[in-house]
Amino acid sequence: MAVPPRNDGRVILHLDYDCFYASVFEVEQPALRSLPLAVQQKQIVVTCNYEARRRGLHKLQLIKDAKRICPDVVIVLGEDLTKFRNASKELYLIVRSFIWGGRVEKLGFDELFLDVTEMIDYNTGVLNPNDLSNSFFVLDRKDPTVGFAYDATRYQGLTFPATEAAPIAQKDPFSLEMRLLVASHFQWFLRSHMEHEIGFTATGGISTSKLLAKLVGNVHKPNGQTTLLPPYTAAGDNPSNVTHFMDDHEIRKIPGIGSRVAERLKAHISGAESVDEKITVRDIRQLPGMGPPLLEKILGGPGSAKGVGTRMWSILHGVDNTDVLEGRDVPTQISIEDSYGRLDTLESVRRELVTLSRSLIRRIRTDLLERSDESTPQGRWLAHPRTLRLSTRPRPPPDMDTTRAYNFNRISRSAPLPSFMFSLDENIDALAERLVKESLLIMFRKLHPEKAGWNLSLMNVAVTNMVETAGDQKQSSGRDISKMFRQQETVLKDWTVQEPESPSVSVQASRAPIGGSPGTEPQSAEAEDGWDDGDEDEPLASSGVLCPICGACIPHFAQVAHETYHSAPE
DNA sequence: ATGTGGGAG
DNA sequence: GGTTCTCCCACAT
C-alpha cells in the first residue's frame, strides 16, 4: 500500500507549558515551587506540579486520595479559569511577537503550534558553511543585529533517536537536517525566554508537521525539547525515522485517534478474542489488507467524518499536512459551566442559571469588547454572538452499570441571543436575571418538560455563532522585536511597590539570554546595538517584570496577586 | 439554524 | 469511561 506524500517543506514547533495551572500559581507565589502543589476542581486534582508527582500524585486524582498519599500537599482551588485564561493569552502574545507571519495556533490553554518556516529559511540562508559554530540567529528581519549567537554544528536539546552530542556531518544549509537543527536553537531560545523572563518552563517538539512536533515533544518531559531527526524517508534497507518513531506508539496516544476510534480499531484487530492488549501503530499498519479502504470500512458509517480511512492511513504513517492556523481575534464560542452533586429543583436551577449568566456576561464583555486604551472605559464590540445555547447532563439512574448502554450525554437547546445582552449601561446582575427569565428558563423547560424527576450533574450556558463587527484590522505580523524588549524595560522602571516600608530597589532590565539555556541563570548581556536605543515609551508591555522584593519574574496577570503574597502577614 | 458527537487539553 | 471546564470541528437534520 502506497504511503501518502508528506510535506517536509515546513518547520513546525510544538510548545507545551509544564503543568500549566500549577505553574500559574507558582509564578504568583514562588514559594510554592518547592512544595507539592495540587490544583483542585470539585473533588479532583486537575493538575499538580512535579514535586507533587514525585510524591505519587497525578492528574485527575481524587482529592481524598491525594491527601492520603501526600498529607502535606498544598491544595489550591482552580475552578475559576480566569487567571489561567489571562496567563495563556499573555504567553500566546509573547510567543507570537517572535514569529514571522504570526502563524501561532493555540491548542487549549497550554499548548502552541508555531510555523517557523519563514524564520528558518531566512536563517539557514545566512549561515556561513565555513564557520557554523559561530552562527547568529536573526530574530528581526528589519534589524539583523537583533538575535542570538549559537553553534550550528550541533542540535540544541535532545533528539529522537537519541544521539551522542557529536557534531553533525551535514552542512548543506537547505537540507532538512540543517533546517531542523537551526529550529532546535530557536526553540531553545524561546523556551529560555519563557522561563527566565516570564517564569514558565515548557516542553518542546521540533519536526515538519503538527502531528510529529507534538508527538516527539512528549519524549522528554518536563522542561525538555526533542527534535525528530532525519531521514524522514526510507532509503534502501533502513526505514525512515518517522516510521520508526510512529510504529511503537499505542494508537490511542496518536492525536486524532480518540477513544472511539481506538476502540473500533482494537475490536477489529483482536476479533472477539483478547480484550486488553496494547495495540500499536505498527499492529494496525501491518495488518493484512490494511489500507485506506479497510480503514474506511472499520471507521466509516453514519456520523463519521468523510475520508476517515485516508486520513487515518496518513496519520499512521506520520503524515499530517494540516496547516498551523493563525490565532483568531474572537473565539467561535464562549461557554460557562458548572457541575453539581444534586440539582433537582426548579428554584435551584434558576439560581444556578443566574450565577452562570453573570459569569457569561463578564466573559462576553472581556473577550468581545475591544478596549482600545485604558482611558476608554467602554469599547466597541468585536463580534456579536447570535445564538444562546443551554446544555445539561442528566445524571444517569444509579441502577445502570454494565453492558455498553450509552451514557455520558449532554443535551442542548438553542435560541437567538436577545440583543439586550449587548447593553453596556445595565448592570450585570440585572442582565443575568433578565436572560434567565426571558430565555434560559424557557429553554430549560424544553429540555426538561417534567417539572420534577430529573437530576442534573451539569449545566452549560454558551453563546455561539459570532458575527464579527466591522473594522477587521489586520494583525501586524512581523512585530518589532527590539521594541518589545524596550517595552519590558519601560515597565521595569515603572513598577513601584505600594508598601511604604519596602526598600526602594533599583531594578535592571534583564534581557533575553544570548546562548543561555533553560535551567541556567540568564546571562546579563551588555547592551547591543538595536536592542535598547529606545527613544519613546510604549504604554503597554506584554511581558513580565522583576519583583523588587524577591527578584522573581512576574507576568502582568500575576502582579497584583504577587504583591498580595508579599504583603500577606505570615 | 439547530442539535449531536467526537476530538483536543 | 468518568472525574473538570472548556473550545473546536464535522455531520445530520
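Letters A, B, ... mirror the listed sequences (proteins, then strands); counts begin at 1.
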Salt bridge (Lys or Arg N to Asp or Glu O under 4.0 Å): pairs with one or both residues in residues 43-67 of chain A, sequence neighbours excluded | A:Glu51-A:Arg54, A:Glu51-A:Arg55, A:Arg55-A:Asp72, A:Asp65-A:Arg68
If you restrict it to nitrogen or oxygen atoms, what contacts under 3.5 Å exist between nucleotides 8-10 of chain C and the protein, and what is each distance?
{"from": "C:dC8", "atom 1": "OP2", "to": "A:Thr332", "atom 2": "N", "distance (Å)": "3.1"}
{"from": "C:dC8", "atom 1": "OP2", "to": "A:Thr332", "atom 2": "OG1", "distance (Å)": "2.4"}
{"from": "C:dC8", "atom 1": "OP2", "to": "A:Gln333", "atom 2": "N", "distance (Å)": "3.1"}
{"from": "C:dC8", "atom 1": "O5'", "to": "A:Thr332", "atom 2": "OG1", "distance (Å)": "3.4"}
{"from": "C:dC9", "atom 1": "OP1", "to": "A:Arg328", "atom 2": "NH2", "distance (Å)": "2.4"}

So, is A:Ser412 near the phosphate of B:dG3, with a side-chain N or O under 4.0 Å from OP1 or OP2?
-> no
A:Gly256 near the nucleic acid: base, sugar-phosphate alone, or nothing, with a heavy-atom cut-off under 4.0 Å?
-> sugar-phosphate
Can you tell me how far C1' of B:dA8 sits from CZ of A:Arg252, to the nearest Å?
-> 10 Å
For residues 449-461 of chain A, tabulate all N or O donor-acceptor pairs below 3.5 Å that involve a side-chain atom, not counting sequence neighbours.
{"from": "A:Trp454", "atom 1": "NE1", "to": "A:Glu450", "atom 2": "O", "distance (Å)": "2.7"}
{"from": "A:Asn455", "atom 1": "OD1", "to": "A:Leu343", "atom 2": "N", "distance (Å)": "2.9"}
{"from": "A:Ser457", "atom 1": "OG", "to": "A:Arg393", "atom 2": "O", "distance (Å)": "3.1"}
{"from": "A:Ser457", "atom 1": "OG", "to": "A:Arg393", "atom 2": "NE", "distance (Å)": "3.0"}
{"from": "A:Asn460", "atom 1": "ND2", "to": "A:Glu337", "atom 2": "OE1", "distance (Å)": "2.7"}

From C:dT6, B:dT2, B:dG7, nucleotide with atom closest to A:Val261 side chain | B:dG7
Just jot down the side chain to side chain donor-acceptor pair (under 3.5 Å) partners of A:Ser314, sequence neighbours excluded, or say none.
-> none
With sequence neighbours excluded, residues passing side chain to side chain donor-acceptor pair (under 3.5 Å) with A:Thr355 | none
Taking the side chain of A:Leu81 as its heavy atoms from C-beta onward, which of B:dA8, C:dT4, C:dC5 lies nearest to it?
-> C:dC5
If the P atom of B:dG6 is compared with that of C:dG1, how far apart are they to the nearest Å?
-> 12 Å
Side-chain donor-acceptor pair under 3.5 Å between A:His14 and A:Glu111, yes or no?
-> yes
Could you tabulate the donor-acceptor pairs under 3.5 Å formed by side-chain atoms of residues 411-419 of chain A, not counting sequence neighbours?
none

For B:dA8, does OP1 or OP2 lie under 4.0 Å from any side-chain N or O of A:Arg260?
-> no
For A:Arg363 and C:dC5, what is the distance between atoms CZ and C1' respectively, to the nearest whole Å?
-> 10 Å
Per the under-4.0 Å heavy-atom filter, residues of residues 201-220 of chain A near DNA chain C come out as none
Hey, is the main chain of A:Lys42 close enough, under 3.5 Å, to the side chain of A:Glu79 for a donor-acceptor pair?
-> yes
Whole-Å gap separating C1' (B:dG9) and CD (A:Glu105) = 13 Å
A:Leu356 has an atom CG; how far is it from atom P of C:dT6, in whole Å?
-> 9 Å
Rounded interatomic separation in angstrom, taking CZ from A:Arg413 and C1' from B:dA1 = 14 Å
Go through the steps for A:Ile198 and A:Leu91 under the test side-chain contact (heavy atoms from CB on, under 4.5 Å), then give the verdict.
-> CA-CA 8 Å; A:Ile198 325 292; A:Leu91 293 169; 3.6 Å; yes
Near-strand residues of residues 37-61 of chain A, defined as heavy-atom separation under 4.0 angstrom from DNA chain C | A:Gln41, A:Lys42, A:Gln43, A:Ile44, A:Val46, A:Leu60
Do A:Arg365 and A:Phe422 pass the side-chain contact (heavy atoms from CB on, under 4.5 Å) test, and can you show the C-alpha distance, the side-chain angles, and the key distance before you say yes or no?
-> CA-CA 9 Å; A:Arg365 289 188 179 182; A:Phe422 303 113; over 6 Å; no
With sequence neighbours left out, what residues match A:Ser259 under side chain to side chain donor-acceptor pair (under 3.5 Å)?
-> none
Partners passing salt bridge (charged side-chain N to carboxylate O under 4.0 Å, His left out) against A:Asp247 (at least two apart in sequence or in another chain) | A:Arg282, A:Arg285
DNA chain B nearest-nucleotide lookup for A:Arg386 and A:Leu447: closer to the 5′ end is A:Arg386
With the side chain of A:Leu107 defined as its heavy atoms from C-beta on, choose the nearest nucleotide among C:dT3, B:dA8, C:dC5.
-> B:dA8
Grab the CZ-P distance between A:Phe84 and C:dC7 for me, whole Å please.
-> 14 Å
Give a yes-or-no answer on whether the side chains of A:Asp248 and A:Thr280 include a donor-acceptor pair shorter than 3.5 Å.
-> no
A:Phe113 has an atom CZ; how far is it from atom C1' of C:dC7, in whole Å?
-> 14 Å
Listed partners of A:Ser348 passing side chain to side chain donor-acceptor pair (under 3.5 Å), at least two apart = A:Thr345
Does A:Arg311 put a side-chain nitrogen or oxygen below 4.0 Å from OP1 or OP2 of B:dG7?
-> no
Whichever of A:Leu458 and A:Gly301 has the more 5' nearest nucleotide on DNA chain C, that residue is A:Leu458
Which sits closer to the 5' end of DNA chain C, A:Asp367 or A:Leu62, going by the nucleotide each is nearest to?
-> A:Leu62
C1' atom, C:dT3 versus B:dT4: distance in rounded Å?
-> 22 Å
Please tell me which of the listed nucleotides, B:dG3, B:dG9, C:dT6, lies nearest to the side chain of A:Glu111?
-> B:dG9
Any donor-acceptor N or O pair under 3.5 Å, side chains A:Arg10, A:Asn321 = no
A:Ser339 side chain N/O closer than 4.0 Å to the phosphate oxygens (OP1, OP2) of C:dT4?
-> yes
Given C:dT6, is OP1 or OP2 found less than 4.0 Å from the side-chain N or O atoms of A:Ser335?
-> no
Using a 3.5 Å limit on both pairing distances, list the dot-bracket string of DNA chain C from the 5' end; Watson-Crick and G-U wobble pairs count, crossing pairs take [ ], interstrand pairs take |.
-> ....|||||||||
Check the pair A:Lys221 / A:Asp18 against side-chain contact (heavy atoms from CB on, under 4.5 Å), numbers first and verdict last.
-> CA-CA 8 Å; A:Lys221 294 168 73 156; A:Asp18 301 322; 5.5 Å; no
So what does A:Arg395 hit on the nucleic acid, given a heavy-atom distance under 4.0 Å: a base, only sugar-phosphate, or nothing?
-> nothing
Please state how far atom CG in A:Asp338 lies from atom P in C:dC5, giving the value in whole angstrom units.
-> 5 Å
Can you say whether the rings of A:Phe245 and A:His249 are parallel (under 30°), tilted (30 to 60°) or perpendicular (over 60°)?
-> perpendicular
